[in-house]
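Below: the structure, in structure tokens.
Labels below follow one simple rule: chain letters A, B, ... track the order of the sequence lines, proteins then strands, and each chain is numbered from 1. Because only heavy atoms are used, hydrogens play no part in the values below, and waters and symmetry mates are left out as well, while side chains stay in. Quick caveat: nothing in here was measured; it's all calculated off a predicted structure.
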Amino acid sequence: MKYWLMKTEPNEFSIDDLQRVGVEMWDGVRNYQVRNMMRNEMMVGDSVLVYHSNAGEETGIAGTAKICRKAYPDPTQFDPESAHPDPKSDPQNPRWLCVDVEFIQKFKRILTLKEIKSDPNLLDYKLVQKGNRLSVIPTTKKQFDYILRLAKTL
DNA sequence: GCCAACGTTGGC
DNA sequence: GCCAACGTTGGC
């Protein structure tokens with residue numbers, strides 16, 4: 001069982017949207033490192049922190065979800081109408097993958113990036129370290145459990 | 001809108 | 001394989 005943080009822009013797709021639909025195809029990943037993590041390490045049942053990025057004061061962790069389908073070819077790469085079509089991807093050997101994510105809970109409020117950054121227990125979390133721009137961030141059980149405990153105090 | 005910190009592309 | 005140019009992410 002592994003733990004992840006997955007970023008989304010809430011004006012595109014928020015925790016509320018995930019709660020409403022229940023299960024969502026997490027498409028649009030166009031980064032090889034992230035693809036490899038999804039392909040090699042992400043398993044059904046893994047736990048996910050849902051992170052709202054580019055959201056001003058509301059930037060931070062919004063709730064939790066779990067992986068409910070393992071990596072499969074991202075259909076949006078072949079759709080010229082999609083946000084990120086990839087004409088170089090071969091349908092016989094698709095370049096990009098996606099997973100399905102299932103809503104678990106929405107936090108009472110956002111656990112803000114500010115709070116995460118100022119918490120001495122999370123100094124070594126990849127989320128707050130310099131240079132990280134990946135949309136999926138490996139998270140330890142310890143970090144996940146700690147963040148859940150924080151969320152309960154919100 | 002700015003900019004740091006990447007990743008990708010393509011010429012050589 | 002190197003590297004300049006360019007594109008993207010995402011915090012601020």
Q33(A) near the nucleic acid: base, sugar-phosphate alone, or nothing, with a heavy-atom cut-off under 4.0 Å?
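Sugar-phosphate: the residue Q33(A), judged by heavy atoms under 4.0 Å, touches backbone atoms but no base.
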
Counting the atoms with a prime plus P, OP1 and OP2 as sugar-phosphate, which does K114(A) contact under 4.0 Å by heavy atoms, base, sugar-phosphate, or nothing?
nothing

Over how many whole Å does the gap from [X] atom [atom1] to [N] atom [atom2] extend?
{"X": "I116(A)", "N": "dG11(C)", "atom1": "CD1", "atom2": "P", "result": "10 Å"}
{"X": "K126(A)", "N": "dA5(B)", "atom1": "NZ", "atom2": "C1'", "result": "17 Å"}
{"X": "W96(A)", "N": "dT8(C)", "atom1": "CH2", "atom2": "C1'", "result": "13 Å"}
{"X": "H52(A)", "N": "dG11(C)", "atom1": "NE2", "atom2": "C1'", "result": "16 Å"}
{"X": "R133(A)", "N": "dT8(B)", "atom1": "CZ", "atom2": "C1'", "result": "10 Å"}
{"X": "R95(A)", "N": "dG7(B)", "atom1": "CZ", "atom2": "P", "result": "17 Å"}
{"X": "M6(A)", "N": "dT9(C)", "atom1": "CE", "atom2": "C1'", "result": "16 Å"}
{"X": "I137(A)", "N": "dA5(B)", "atom1": "CD1", "atom2": "P", "result": "16 Å"}

Is any side-chain N or O of [X] closer than 4.0 Å to OP1 or OP2 of [N]?
{"X": "K7(A)", "N": "dT9(C)", "result": "no"}
{"X": "K130(A)", "N": "dG10(C)", "result": "no"}
{"X": "Y51(A)", "N": "dG11(C)", "result": "yes"}

Taking the side chain of N31(A) as heavy atoms from C-beta outward, which of dG11(C), dT9(B), dG7(B) is closest to it?
dG7(B)

Which nucleotide in dG7(B), dC12(C), dG10(B) has an atom nearest any side-chain atom of K117(A):
dC12(C)

Ion pair check, D145(A) and K141(A), cut-off under 4.0 Å
yes

Does this structure show an ion pair linking R95(A) with D74(A), if we count only N-O contacts that are shorter than 4.0 Å?
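Not counted as a salt bridge, because no side-chain N and carboxylate O are separated by less than 4.0 Å.
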
With a distance cut-off below 6.0 Å to the six-membered ring centre and an angular limit of 45° from the axis, does R109(A) pair with F107(A) as a cation-pi contact?
no

Give a yes or no on whether the backbone of F13(A) and the side-chain of T8(A) come within a donor-acceptor separation of less than 3.5 Å.
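A pair under 3.5 Å: yes.
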
Taking the side chain as every heavy atom from C-beta outward, state whether F78(A) and S89(A) have any atom pair closer than 4.5 Å.
yes

